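Just so you know, these numbers come straight off a predicted model, no measurement behind them.
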Amino acid sequence: MDIAAYTQIVPDVLLFVDRRSFPGWEIIRQKINFHDLTFIVGGRRIIT
């Protein structure tokens, strides 16, 4: 793979947060002016 051919799709990461969340943590739906990628690597979910 020619990585130089894909430089236009490499994102600029302005903020990276690595944290452990408490059971009451939630992602609140709101409008933002940027792309937010949230990776959840473990735990359980509650859909409301």
How would you list, by chain and number, every residue that makes a side chain to side chain contact (heavy atoms under 4.5 Å, CB included) with D2, sequence neighbours excluded? A4, A5
What residues form a side chain to side chain contact (heavy atoms under 4.5 Å, CB included) with R20, not counting sequence neighbours? none
Can you list the other members of the hydrophobic cluster that holds V17, where links are side-chain heavy atoms under 4.5 angstrom apart? L15
Report, one line per pair, each donor and acceptor closer than 3.5 Å where one atom sits in a side chain of residues 27-37; sequence neighbours left out.
unit_1 : atom_1 : unit_2 : atom_2 : d
D36    : OD1    : T38    : OG1    : 3.3

